[in-house]
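The figures here come from the full heavy-atom set of this structure, side chains too, leaving out hydrogens, waters and symmetry mates. So you know, we letter chains A, B, ... as the sequences are listed, proteins then strands, and number each from 1. The model shown is predicted, which means the values in this text are computed figures rather than measured ones.
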Amino acid sequence: MTTLERLYANLLEAYGPQGWWPVLDFAGTNPTKTGSVHGYHPGRYDFPRNERERFEICVGAILTQNTAWPNVEQALRRLKKAGRLTPNELLAIPLSELKVAIRPSGYYNVKAKKLLEFTRFYLSLHGRTPTRAELLEVWGVGPETADSIRLYAYGELEMVVDAYTRRFLSALRLAPPEASLEQVRAWCGRQLPPSVPAYQEFHALMVEHGKRCYSRKPYRDALFGAGAVNG
DNA sequence: AACCAGGACGTGA
DNA sequence: TCACGTCATGGT
(Lines give C-alpha, C1' and ligand atoms only; values in the text may rest on other atoms or scores of the structure.)
Protein backbone atom coordinates (compact mmCIF):
# COMPACT_ATOMS: atom_id res chain seq x y z
CA MET A 1 0.00 0.00 0.00
CA THR A 2 1.47 3.35 -1.05
CA THR A 3 1.58 6.44 1.12
CA LEU A 4 -1.01 8.08 -1.08
CA GLU A 5 -3.35 5.12 -0.74
CA ARG A 6 -3.06 5.38 3.02
CA LEU A 7 -3.71 9.10 2.85
CA TYR A 8 -6.75 8.46 0.69
CA ALA A 9 -8.11 5.85 3.10
CA ASN A 10 -7.70 8.17 6.06
CA LEU A 11 -9.39 11.09 4.34
CA LEU A 12 -12.24 8.82 3.32
CA GLU A 13 -12.68 7.68 6.88
CA ALA A 14 -12.47 11.24 8.20
CA TYR A 15 -14.85 12.92 5.74
CA GLY A 16 -16.85 10.05 4.27
CA PRO A 17 -17.69 9.61 0.56
CA GLN A 18 -18.19 13.01 -1.08
CA GLY A 19 -20.68 12.16 -3.80
CA TRP A 20 -19.00 13.97 -6.68
CA TRP A 21 -19.74 15.33 -9.26
CA PRO A 22 -22.90 17.07 -7.99
CA VAL A 23 -25.82 17.26 -10.41
CA LEU A 24 -29.03 19.31 -10.27
CA ASP A 25 -32.26 17.53 -9.49
CA PHE A 26 -30.71 14.78 -7.44
CA ALA A 27 -32.58 14.37 -4.18
CA GLY A 28 -29.59 13.13 -2.20
CA THR A 29 -27.65 15.28 0.20
CA ASN A 30 -24.34 14.99 1.96
CA PRO A 31 -24.72 16.36 5.49
CA THR A 32 -20.95 16.31 6.04
CA LYS A 33 -20.45 19.00 3.44
CA THR A 34 -20.07 22.59 4.51
CA GLY A 35 -21.21 24.50 1.46
CA SER A 36 -24.07 23.62 -0.83
CA VAL A 37 -25.70 20.31 0.07
CA HIS A 38 -27.63 19.82 -3.15
CA GLY A 39 -26.85 17.37 -5.88
CA TYR A 40 -24.19 15.23 -4.22
CA HIS A 41 -24.58 11.45 -4.31
CA PRO A 42 -22.20 9.95 -1.74
CA GLY A 43 -21.27 6.34 -2.33
CA ARG A 44 -22.68 6.23 -5.85
CA TYR A 45 -20.46 6.10 -8.91
CA ASP A 46 -23.03 5.58 -11.66
CA PHE A 47 -23.16 9.20 -12.78
CA PRO A 48 -23.82 10.68 -15.26
CA ARG A 49 -27.00 8.67 -15.73
CA ASN A 50 -27.85 10.21 -19.10
CA GLU A 51 -26.63 12.67 -21.72
CA ARG A 52 -28.34 15.58 -20.01
CA GLU A 53 -26.33 15.02 -16.84
CA ARG A 54 -23.15 14.50 -18.82
CA PHE A 55 -23.44 17.88 -20.49
CA GLU A 56 -24.41 19.53 -17.23
CA ILE A 57 -21.22 18.23 -15.62
CA CYS A 58 -19.17 19.64 -18.49
CA VAL A 59 -20.82 23.05 -18.11
CA GLY A 60 -20.25 22.97 -14.35
CA ALA A 61 -16.59 22.07 -14.86
CA ILE A 62 -16.09 25.21 -16.93
CA LEU A 63 -18.14 27.49 -14.70
CA THR A 64 -16.33 26.37 -11.55
CA GLN A 65 -12.93 27.57 -12.76
CA ASN A 66 -11.54 29.54 -9.83
CA THR A 67 -15.06 29.84 -8.50
CA ALA A 68 -16.88 28.54 -5.41
CA TRP A 69 -19.42 25.83 -6.16
CA PRO A 70 -22.51 27.56 -4.68
CA ASN A 71 -22.01 30.32 -7.27
CA VAL A 72 -21.83 27.72 -10.02
CA GLU A 73 -24.95 26.00 -8.74
CA GLN A 74 -26.85 29.28 -9.00
CA ALA A 75 -25.71 29.74 -12.57
CA LEU A 76 -26.66 26.16 -13.47
CA ARG A 77 -30.12 26.61 -11.99
CA ARG A 78 -30.62 29.82 -13.94
CA LEU A 79 -29.56 28.11 -17.15
CA LYS A 80 -31.87 25.20 -16.47
CA LYS A 81 -34.78 27.47 -15.56
CA ALA A 82 -34.27 29.30 -18.84
CA GLY A 83 -34.33 25.97 -20.64
CA ARG A 84 -30.73 26.34 -21.81
CA LEU A 85 -28.93 23.40 -20.25
CA THR A 86 -28.65 21.22 -23.35
CA PRO A 87 -26.11 21.79 -26.15
CA ASN A 88 -28.54 22.97 -28.82
CA GLU A 89 -30.49 25.14 -26.43
CA LEU A 90 -27.31 26.73 -25.15
CA LEU A 91 -26.03 27.52 -28.63
CA ALA A 92 -29.32 29.20 -29.46
CA ILE A 93 -29.07 31.81 -26.69
CA PRO A 94 -28.21 35.39 -27.58
CA LEU A 95 -24.81 36.14 -26.08
CA SER A 96 -26.12 38.86 -23.78
CA GLU A 97 -28.76 36.51 -22.42
CA LEU A 98 -26.19 33.79 -21.79
CA LYS A 99 -24.06 36.22 -19.81
CA VAL A 100 -26.99 37.24 -17.64
CA ALA A 101 -27.83 33.61 -16.92
CA ILE A 102 -24.33 32.64 -15.79
CA ARG A 103 -23.53 35.91 -14.02
CA PRO A 104 -23.57 34.44 -10.48
CA SER A 105 -20.59 32.22 -11.33
CA GLY A 106 -18.39 35.22 -12.13
CA TYR A 107 -16.07 35.94 -15.10
CA TYR A 108 -19.22 35.85 -17.18
CA ASN A 109 -17.69 37.43 -20.29
CA VAL A 110 -14.95 34.84 -20.74
CA LYS A 111 -17.05 31.98 -19.44
CA ALA A 112 -19.82 32.69 -21.93
CA LYS A 113 -17.28 32.40 -24.72
CA LYS A 114 -15.82 29.25 -23.17
CA LEU A 115 -19.25 27.63 -22.97
CA LEU A 116 -19.98 28.34 -26.61
CA GLU A 117 -16.58 27.06 -27.73
CA PHE A 118 -16.94 23.90 -25.68
CA THR A 119 -20.52 23.23 -26.74
CA ARG A 120 -19.59 23.35 -30.41
CA PHE A 121 -16.82 20.89 -29.70
CA TYR A 122 -19.16 18.69 -27.65
CA LEU A 123 -21.66 18.44 -30.50
CA SER A 124 -18.89 17.67 -32.97
CA LEU A 125 -18.12 14.51 -31.00
CA HIS A 126 -21.53 12.98 -31.78
CA GLY A 127 -21.47 11.08 -28.51
CA ARG A 128 -17.88 9.90 -28.76
CA THR A 129 -15.63 10.25 -25.72
CA PRO A 130 -13.03 12.99 -26.24
CA THR A 131 -9.36 12.32 -25.60
CA ARG A 132 -7.50 14.49 -23.15
CA ALA A 133 -5.49 16.06 -25.99
CA GLU A 134 -8.67 16.94 -27.86
CA LEU A 135 -10.14 18.63 -24.82
CA LEU A 136 -6.97 20.64 -24.25
CA GLU A 137 -7.25 22.03 -27.77
CA VAL A 138 -10.57 23.64 -26.92
CA TRP A 139 -10.21 27.30 -25.98
CA GLY A 140 -11.06 27.72 -22.31
CA VAL A 141 -10.37 24.11 -21.35
CA GLY A 142 -7.15 23.69 -19.38
CA PRO A 143 -5.68 20.64 -17.64
CA GLU A 144 -7.95 20.49 -14.60
CA THR A 145 -11.12 21.14 -16.57
CA ALA A 146 -10.17 18.56 -19.19
CA ASP A 147 -9.37 15.95 -16.56
CA SER A 148 -12.55 16.68 -14.60
CA ILE A 149 -14.63 16.28 -17.73
CA ARG A 150 -12.90 13.01 -18.59
CA LEU A 151 -13.19 11.59 -15.08
CA TYR A 152 -16.65 12.78 -14.01
CA ALA A 153 -18.60 13.41 -17.22
CA TYR A 154 -17.23 10.43 -19.18
CA GLY A 155 -16.13 8.06 -16.44
CA GLU A 156 -12.64 7.73 -17.91
CA LEU A 157 -9.64 6.87 -15.76
CA GLU A 158 -8.08 10.33 -15.52
CA MET A 159 -6.27 11.75 -12.51
CA VAL A 160 -7.47 15.23 -11.49
CA VAL A 161 -5.05 17.42 -9.57
CA ASP A 162 -5.76 20.96 -8.43
CA ALA A 163 -4.00 23.72 -6.49
CA TYR A 164 -5.15 22.21 -3.19
CA THR A 165 -3.61 18.85 -4.01
CA ARG A 166 -0.27 20.38 -4.84
CA ARG A 167 -0.19 22.47 -1.66
CA PHE A 168 -1.21 19.50 0.43
CA LEU A 169 1.28 17.04 -1.03
CA SER A 170 4.16 19.51 -0.92
CA ALA A 171 3.30 20.38 2.69
CA LEU A 172 3.53 16.67 3.49
CA ARG A 173 6.77 16.53 1.52
CA LEU A 174 5.32 13.87 -0.72
CA ALA A 175 6.00 16.18 -3.65
CA PRO A 176 8.65 18.88 -4.00
CA PRO A 177 7.24 22.44 -3.74
CA GLU A 178 8.56 23.29 -7.19
CA ALA A 179 6.85 20.32 -8.81
CA SER A 180 4.48 21.33 -11.58
CA LEU A 181 0.82 20.37 -11.53
CA GLU A 182 1.52 17.96 -14.36
CA GLN A 183 4.31 16.26 -12.42
CA VAL A 184 2.11 15.94 -9.35
CA ARG A 185 -0.67 14.58 -11.52
CA ALA A 186 1.55 11.91 -13.03
CA TRP A 187 2.87 10.94 -9.64
CA CYS A 188 -0.62 10.61 -8.13
CA GLY A 189 -1.67 8.48 -11.06
CA ARG A 190 1.11 6.06 -10.30
CA GLN A 191 0.39 5.89 -6.57
CA LEU A 192 -3.30 4.95 -6.72
CA PRO A 193 -4.87 1.76 -8.08
CA PRO A 194 -6.45 2.29 -11.53
CA SER A 195 -10.05 2.65 -10.43
CA VAL A 196 -12.47 5.28 -11.72
CA PRO A 197 -14.51 5.44 -8.47
CA ALA A 198 -11.27 5.75 -6.48
CA TYR A 199 -10.02 8.55 -8.72
CA GLN A 200 -13.36 10.35 -8.44
CA GLU A 201 -13.41 10.01 -4.68
CA PHE A 202 -9.76 10.96 -4.34
CA HIS A 203 -10.10 14.31 -6.04
CA ALA A 204 -13.31 15.11 -4.19
CA LEU A 205 -11.59 14.34 -0.88
CA MET A 206 -8.61 16.48 -1.79
CA VAL A 207 -10.91 19.42 -2.46
CA GLU A 208 -12.81 18.91 0.77
CA HIS A 209 -9.60 18.64 2.75
CA GLY A 210 -8.14 21.59 0.89
CA LYS A 211 -11.12 23.76 1.71
CA ARG A 212 -10.82 22.90 5.37
CA CYS A 213 -7.05 23.04 5.85
CA TYR A 214 -5.28 24.46 2.82
CA SER A 215 -7.09 27.62 2.01
CA ARG A 216 -4.73 30.34 0.82
CA LYS A 217 -2.86 32.53 3.30
CA PRO A 218 -2.12 30.77 6.57
CA TYR A 219 -2.83 27.08 6.41
CA ARG A 220 -5.39 26.69 9.13
CA ASP A 221 -4.42 23.27 10.37
CA ALA A 222 -1.59 21.80 8.35
CA LEU A 223 -0.85 19.36 11.15
CA PHE A 224 -4.09 17.58 10.51
CA GLY A 225 -2.74 16.72 7.10
CA ALA A 226 0.28 15.05 8.62
CA GLY A 227 -1.97 13.32 11.11
CA ALA A 228 -4.06 11.95 8.31
CA VAL A 229 -1.01 10.21 6.93
CA ASN A 230 0.07 8.61 10.16
CA GLY A 231 -3.43 7.63 11.15
C1' DA B 1 -15.14 44.46 5.09
C1' DA B 2 -11.36 42.36 3.14
C1' DC B 3 -10.34 37.99 1.35
C1' DC B 4 -10.81 34.26 -1.77
C1' DA B 5 -12.86 30.43 -4.57
C1' DG B 6 -12.95 22.97 -7.41
C1' DG B 7 -8.36 27.97 -13.55
C1' DA B 8 -7.11 29.50 -17.95
C1' DC B 9 -5.44 32.84 -21.17
C1' DG B 10 -2.42 36.63 -22.95
C1' DT B 11 1.64 38.92 -22.48
C1' DG B 12 6.48 39.94 -21.75
C1' DA B 13 10.92 38.36 -20.24
C1' DT C 1 9.30 27.82 -19.97
C1' DC C 2 7.57 30.99 -16.47
C1' DA C 3 5.94 34.62 -13.69
C1' DC C 4 2.43 37.96 -13.58
C1' DG C 5 -1.90 40.55 -14.58
C1' DT C 6 -6.68 39.83 -15.84
C1' DC C 7 -11.23 38.15 -15.47
C1' DA C 8 -16.02 39.06 -11.47
C1' DT C 9 -19.66 37.37 -8.42
C1' DG C 10 -21.05 35.84 -3.88
C1' DG C 11 -20.03 33.73 0.63
C1' DT C 12 -17.59 34.25 5.18
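Side-chain contact check for A/Arg212 versus A/Tyr15: some heavy-atom pair is nearer than 4.5 Å.
Across B/dC4 and C/dG5, the matching P atoms stand 15 Å from one another, rounded to whole Å. Between the P atoms of C/dG10 and B/dA8, the separation comes to 22 Å (whole Å).
Regarding A/Trp69, its CH2 atom lies at a distance of 16 Å from the C1' atom of C/dG11, rounded to whole Å. Here the C1' atom of nucleotide C/dC7 and the CG atom of A/Leu63 are 14 Å apart, to the nearest Å. Look at CD1 on A/Ile102: it is 9 Å from P on C/dA8, rounded to the nearest Å. Put simply, CZ on A/Arg77 is 13 Å from P on C/dG10, counting in whole angstrom units. A straight line from CD1 of A/Ile62 to P of C/dA8 spans 15 Å, rounded to a whole angstrom. With rounding to whole Å, A/Tyr108 atom OH is found 6 Å from C/dA8 atom P. What separates NZ of A/Lys111 from C1' of C/dG10 is a distance of 12 Å, to the nearest Å. As a whole-Å value, the separation of A/Lys211 NZ from C/dG11 C1' is 12 Å.
One finds a side-chain N or O of A/Asn109 lying less than 4.0 angstrom from the OP1 or OP2 phosphate oxygen of C/dA8.
Judged by distance alone, the side chains of A/Thr67 and A/Lys111 do bring a donor and an acceptor atom under 3.5 Å apart. Between the side chains of A/Gln191 and A/Tyr8, no donor-acceptor pair of N or O atoms lies under 3.5 Å.
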Legend entry - Letter per nucleotide, 5' to 3', of nucleotides 7-13 of chain B [B base touched, S only sugar-phosphate touched, - untouched; heavy atoms, 4.0 Å]: BSSS---
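Atom OH of residue A/Tyr199 and atom CG of residue A/Leu157 lie 4.5 Å apart, to the nearest 0.5 angstrom. Here the CG atom belonging to A/Leu85 is positioned 6.0 Å from the CG atom belonging to A/Leu79, to the nearest 0.5 angstrom. Between A/Ile62 atom CD1 and A/Glu117 atom CD the span is 10.0 Å, to the nearest 0.5 Å.
Each of A/Glu182, A/Glu137, A/Glu156 was compared with A/Arg132 under the salt bridge (charged side-chain N to carboxylate O under 4.0 Å, His left out) criterion, and only A/Glu182 meets it.
For the contact set between residues 188-198 of chain A and DNA chain C, defined by any heavy atom under 4.0 Å, there are no members.
Note: A/His203 and A/Tyr152 have tilted aromatic rings, judged against thresholds of 30 and 60 degrees for the angle between ring planes.
Remark: A/Phe55 pairs with A/Tyr122 by the ring pair (Phe, Tyr, Trp, His ring centres under 6.0 Å) rule, at least two apart or across chains. For A/Arg84, the salt bridge (charged side-chain N to carboxylate O under 4.0 Å, His left out) partners are A/Glu97, not counting sequence neighbours. A/Arg128 pairs by the salt bridge (charged side-chain N to carboxylate O under 4.0 Å, His left out) definition with A/Glu134, not counting sequence neighbours.
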Scan nucleotides 1-6 of chain C against the protein and return all N/O pairs shorter than 3.5 Å with their distances rounded to 0.1 Å.
none

